[in-house]
Structures are given as C-alpha cells and as structure tokens.
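First the structure, in the form of structure tokens, and then the observations on it.
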Amino acid sequence: MEKSGESEERTRDRVLAAVLESGPVSAAELGSLLGFTPAAVRRHLDGLERLGLIEVKPVKSARAGAGRPARRYVLSRSGQARLGNDYLDIANQALAELARLGGAAAIEAFAKRRFDDMEARYRPVVEAAGTSVEARAVALAEALSEDGFVASTANVGQGSPHMPAMLSVQLCQGHCPIRDLASEYPTFCDSETDVFARLLGVDVRRLSTLASGGHVCTTHIPVGRARKQEVSIHQQERP
C-alpha cells in the first residue's frame, strides 16, 4: 500500500529510484519491493514511461509463453538525469574509497564476487544444454535475457572456405545495468568475460562493450576447434 499523505510526485520518484536500483525489474517485483498494489505500480510506471523517464525491455522468457515477452523496466537517459545520477555517484564514490583502501586488487575481488553469483545461477542452465558450444551459448543468451541483458547469438564463419575451423558464435548484449560503473572500472567487464569462458568451456574474447562506447556488448566465442574435436571423437568411436 502507498504511504498515506505521500504526494503523487514523491511516490513516483520512489518508483523511479527503485527502477534505478533494481532494474531491469518487472512490475510485480516493484510492487513487492515497495509494498504497492499492482494497480498503483502500473499507474506510476505508465506515468514514468509517458514522461520518458523509464524504458521497457521486452525479454523472451520460457515461463512467459510464446508471443508474450516479459516486460522489465530500466531507467532512460532522461530518468538518470532526473535523479541527477546520485546513485551512480554514490556507487562510484564507494568504489573509489574501496580502491583507496585496498587498491586495484580490492576492486577486482569485489567484481569477482559479484559475478560468482551469476556463474552459480547460470551454470545449471548452460550445462543442461549439453556439450555443444553453440547450444551452450544459446542457453547462456537466454539466461542473460531472463536478467534483462537483451542477449542474442549469431553464427559466424559458415561461408568460410576453412570451415569448420573458422566457425564461431557472437554473443550480443543490448543492455547493461552497470554500464557507467564498468566504464570507470573495466574489471567488471573482465570478470563477466571470465564467467562466460568458464561456462562455455572455451576461450572467449570481447569485441566491444557498452561501457567503452559500443552499441552492444559483443563476445566472440570460437566453436570450430570444439567441432573438430567432436568429429575426431566420433570417428575414433566407429568400429
């Protein structure tokens, strides 16, 4: 329930701040977080969307069913300006203090802990896809999209005369909730890349990141060597 006597504008600012802190976030998650009724959450989200302060990130979800992408909300650039980037400033100040007290190693340890949780949550999903690197990459993209990263995969090198050695997959992420922090502390991107490599079982390479000014985060995933090994194993198993 909304607090009695709280102004409409103040309540809307609370919703906006919650989207910044928790986004990408669903309306149901916001209602639970703030103690608002579904109708109240929807009213404020619709208002913020009309003002251009938040954006909807449609995310494909197996639970949502075909043709029904899950709707998750993130701040727009206008929304960030509305809040004056206060939360980003606080986060940057906290990390700067952490770096002052513990040096670069402390920031790296913090980033690693953050992405250890991602790896633990994604591993069962990726491993359920089997041993194929391509299939595991697709599963990873789906898990990332569930978390609002708007991820997709594309096969590369299929027309190469050197197939299958040149085969690869490009994993793209269209949204990053910590883009501005990662711009200041690239170790966040490095830690995420390391997680991808461990989950997929191959060395991967970042081609571009939102944090460095790219339109998307793009990760190169080589699959040709793994495909060649699979073919060799199958040939050895033949009688």
Side-chain angles (χ1 to χ4, degrees), residues 23-24 57-72 74 111-179 182 186-235 237:
K57 292 289 185 181
V59 178
K60 291 184 179 179
S61 169
R63 292 190 298 269
R68 295 173 53 199
R71 291 168 60 88
R72 291 182 175 270
V74 297
K112 183 180 183 302
R113 286 195 300 271
R114 183 186 189 279
F115 286 100
D116 279 348
D117 174 67
M118 171 188 279
E119 182 174 0
R121 290 187 295 108
Y122 289 3
R123 183 166 293 283
V125 177
V126 173
E127 290 185 347
T131 59
S132 165
V133 177
E134 296 101 313
R136 291 169 77 95
V138 170
L140 175 57
E142 291 174 350
L144 286 164
S145 290
E146 286 278 356
D147 279 349
F149 288 91
V150 194
S152 62
T153 59
N155 293 326
V156 178
Q158 291 183 330
S160 170
H162 302 291
M163 276 185 57
M166 299 300 294
L167 282 175
S168 64
V169 171
Q170 284 191 356
L171 171 65
C172 296
Q173 298 159 256
H175 174 69
C176 175
I178 60 168
R179 175 186 59 191
T187 188
F188 284 94
C189 293
D190 295 339
S191 293
E192 185 182 64
T193 304
D194 290 342
V195 166
F196 291 175
R198 290 195 297 269
L199 288 173
L200 298 173
V202 294
D203 291 330
V204 304
R205 180 165 56 93
R206 272 280 161 81
L207 302 181
S208 67
T209 64
L210 287 161
S212 62
H215 295 298
V216 296
C217 295
T218 304
T219 304
H220 173 82
I221 305 168
V223 301
R225 181 177 299 177
R227 178 77 63 80
K228 188 174 181 180
Q229 290 175 345
E230 290 176 6
V231 171
S232 177
I233 291 173
H234 289 315
Q235 289 176 340
E237 290 176 346

Side chain to side chain contact (heavy atoms under 4.5 Å, CB included) between V125 and E146, worked out: CA-CA 11 Å; V125 177; E146 286 278 356; over 6 Å; no
Side chain to side chain contact (heavy atoms under 4.5 Å, CB included) assessment of V133 paired with V169: CA-CA 9 Å; V133 177; V169 171; 5.9 Å; no
Neighbour count >12 (heavy atoms, 6.0 Å) for atom CG, D203: no
Steps toward side chain to side chain contact (heavy atoms under 4.5 Å, CB included) verdict (Y122, D147): CA-CA 11 Å; Y122 289 3; D147 279 349; 2.7 Å; yes
Value rounded to 0.5 Å, distance of SG in C176 from CG in L144: 10.5 Å
Closest non-hydrogen atom pair between A141 and A151, with its separation: O-CB, 3.5 Å
Separation between SG of C172 and CZ of F149, rounded to the nearest 0.5 Å: 14.5 Å
Rounded distance (nearest 0.5 Å) linking atom OG of S208 with atom CD of Q173: 9.5 Å
Rounded distance (nearest 0.5 Å) linking atom OG of S168 with atom CD of E134: 9.5 Å
Pairwise distance NE2(H220) to OG1(T193) - rounded to 0.5 angstrom: 13.0 Å
Donor-acceptor under 3.5 Å (R136 side chain, T131 main chain): no
Closest non-hydrogen atom pair between A137 and L200, with its separation: N-CD2, 3.6 Å
Identified side chain to side chain donor-acceptor pair (under 3.5 Å) counterpart of R206 within the set T219, D190, T218: T219
Spatial distance of atom CZ (R205) from atom CD1 (I221) [nearest 0.5 Å]: 12.0 Å
For the student: nearest non-hydrogen atoms of L199 and R123, plus distance: CD2-CA, 3.7 Å
Step-by-step side chain to side chain contact (heavy atoms under 4.5 Å, CB included) determination, L171 to F196: CA-CA 10 Å; L171 171 65; F196 291 175; 3.8 Å; yes
